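Encoded as structure tokens, the structure appears first; notes follow it.
All ligand and atom numbering here is 1-based and tracks the order in the structure. In this text, all values refer to a predicted model and were calculated from it rather than measured experimentally. The first residue in the sequence is number 1, and the count goes up from there.
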Amino acid sequence: MKDKSSLLAAAGDNTRLAHLGHDPSSFHGFVNPPVVHASTVLFPNSQAMVDRSQKYTYGTRGTPTTDALCEALDALEGSAGTILVPSGLAAITIPFLAYLSSGDHALIVDSVYTPCRHFCDTMLTRMGVEVEYYDPLIGAGIETLIRPNTRLVHTEAPGSNTFEMQDIRAIAEAAHRHDCVVTMDNTWATPLYFRPLDFGVDVSIHATTKYPSGHSDIIMGSVSANEKHWPRLHDAQITLGTCGSPDDSYQILRGLRTMGVRLAHHQASALELARWLETRPEVARVLHPALESFPGHDIWKRDFKGATGVFSIVLKADHADHFKPKAHAFLDALSIFGLGYSWGGYESLAVHVNLSDRRIAKAPSEGPVIRLQIGLEDVADLRRDIEAGFAAAASV
Ligand SMILES: *Cc1c(COP(=O)(O)O)cnc(C)c1O
């Protein structure tokens, strides 16, 4: 048989997703990897135990199941190594703990995932790290914020809830001139639509809870690092003892097999609805990077290969006092869209976004921001559901 790994390296996304991560011939020909539930691994003799001279040594340090997922993610991200952690939030906090020390300064994008800000403002600050938030649109201008003790620059594009695009390559180049590590939360795009390491990012972060899982039933995160930054990330994983569970690892690998076809559907439905929403009189603005009208569209078009299924709308409201009642009337009239946190599953969700934590990338002034996750349902049904929401909001 020909060497499959070299064929896969040149193959298309869906072919790679179907075959990456597990070699069936390594386990009796079974197409899927075994789910290894493990703490103890036995050694053949006491010297092997001292030398740890075998591939697997203890359950926290990897199993054939977690390896299968990590190898698939490394191939997709182009990374030197990947760790699996218990949540997407932990996929942010663990690399921050790995790369930052007391006395360091960290630059965090202001449109960041809100629980990341909470970690920075509480635990990280308490540990003596100075945190500063920067404008998502700063680009190469980040260099003016870098101090002698700046060690880490955290990016997230598009930004959570408001979808600001960042010039990742320009930021990474500036940060590297000062030897900072550049991290990116790449959850929205997945490695299919953006490959951070190709743009100079050192560490790519994912809530695999979202599209890799795809079914709203798993919480897990992954962190993938380039050659230079992998040893320290791996050390942090071992030191903190935060490993991925076997069943969840198996399910995430299972989710990856269909992620390409799911994303194509999410992308097409979300864009169709976003274009329709742009024409609606009830909507002040649609925040979706693939729309030509969106301020960050040029960066998205230049750097990204696609858009996934999450975007926001700004409902029109005459007065700030109406923001909340209008948002609630809209949401409470929905029946196919569920009201719930997270996204990336097969089902559509809507949430009234709270942007009160923003310091620089402030909330739109025209009305409340509603984030929509467009699931795999039929667009016509979702459109009817949104129309019911508009009708209810109109009476506020
Ligand atoms: C959801 C999300 C996370 C956190 O993932 P959890 O698994 O829910 O902890 C991190 N970053 C982004 C951008 C997210 O949307």
Side-chain angles (χ1 to χ4, degrees), residues 69 73 77 82-97 108-120 122-124 133 136 154-166 168 183-194 196 201 203-224 240 242-245 247-249 251-252 255-256 259 263 266 270 287-289 296 300 304 307-312 338 340-345 347-351 353-355 357-358 361 369-375:
L69 176 56
L73 292 173
E77 288 280 341
T82 292
I83 62 168
L84 304 175
V85 296
S87 70
L89 178 55
I92 302 169
T93 61
I94 290 166
F96 283 14
L97 292 172
I108 312 291
V109 66
D110 193 48
S111 46
V112 76
Y113 175 65
T114 297
C116 169
R117 188 192 300 269
H118 179 71
F119 173 75
C120 290
T122 56
M123 201 174 275
L124 206 57
Y133 296 94
H154 181 64
T155 63
E156 180 184 334
S160 272
N161 300 322
T162 41
F163 302 91
E164 292 86 348
M165 292 301 302
Q166 293 195 261
I168 297 294
T183 55
M184 177 171 182
D185 187 330
N186 191 33
T187 299
W188 184 84
T190 85
L192 291 196
Y193 293 164
F194 188 69
V201 169
V203 178
S204 175
I205 288 164
H206 287 278
T208 52
T209 304
K210 307 287 168 59
Y211 289 116
S213 160
H215 296 77
S216 306
D217 53 1
I218 298 164
I219 298 275
M220 185 180 248
S222 69
V223 194
S224 303
L240 291 165
T242 46
C243 45
S245 90
D247 293 304
D248 291 349
S249 301
Q251 293 289 3
I252 297 295
L256 284 183
M259 190 171 76
L263 281 184
H266 287 294
L287 311 179
H288 187 312
W300 174 81
F304 283 52
T308 55
V310 189
F311 65 95
S312 290
Y341 294 108
S342 204
W343 41 266
E347 84 292 16
S348 291
L349 297 170
V351 60
V353 166
N354 180 351
L355 298 165
D357 62 340
R358 297 291 183 84
V369 178
I370 307 282
R371 188 186 72 199
L372 300 173
Q373 124 86 10
I374 305 305

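At the top of the distance list for atom 7 (O) of ligand 1, counting protein heavy atoms only, stands T209 OG1, 2.6 Å. The nearest protein atom to atom 8 (O) of ligand 1, hydrogens excluded, is given as Y113 OH, 4.0 Å; this is a heavy-atom distance. Nearest protein heavy-atom neighbour of atom 13 (C) of ligand 1: D185 OD2, 3.3 Å. Nearest protein neighbour of atom 14 (C) of ligand 1, counting heavy atoms only, is K210 NZ, 2.8 Å.
Residue A350 comes nearest to I370 through the heavy atom pair CB-CG2, 4.4 Å, listed as atom of the first residue, atom of the second, then distance. In terms of heavy atoms, P86 sits closest to C243 at CG-O, 4.3 Å.
The pair R358-E164 counts as a salt bridge, with a side-chain nitrogen and a carboxylate oxygen less than 4.0 angstrom apart.
A donor and an acceptor atom, one from each side chain of E77 and H206, are located under 3.5 Å apart. Checked by atom type, the side-chain pair T308/H266 shows no donor-acceptor distance below 3.5 Å. The closest side-chain donor-acceptor pair between S216 and E347 falls under 3.5 angstrom. Looking at S245 and D247, their side chains never bring a donor and an acceptor atom within 3.5 Å of each other.
Not a single N or O atom of S160, backbone or side chain, sits closer than 3.5 Å to an N or O atom of ligand 1. At a 3.5 angstrom cut-off on N or O pairs, E156 does not count as close to ligand 1. At least one N or O atom of G88 sits closer than 3.5 Å to an N or O atom of ligand 1. Residue contacts with ligand 1: S342 is placed with no nitrogen or oxygen under 3.5 Å of a nitrogen or oxygen of the ligand (distance criterion only).
Among N161, L89, T187, the residue whose heavy atom lies closest to atom 9 (O) of ligand 1 is L89.
Within the listing of ligand 1, atoms 15 (O) sit less than 4.0 angstrom from a heavy atom of W343.
Under the 4.0 angstrom criterion for non-hydrogen atoms, W188 is not in contact with ligand 1.
Between W343 and the options V310, T209, V351, L372, a side chain to side chain contact (heavy atoms under 4.5 Å, CB included) holds for only V310.
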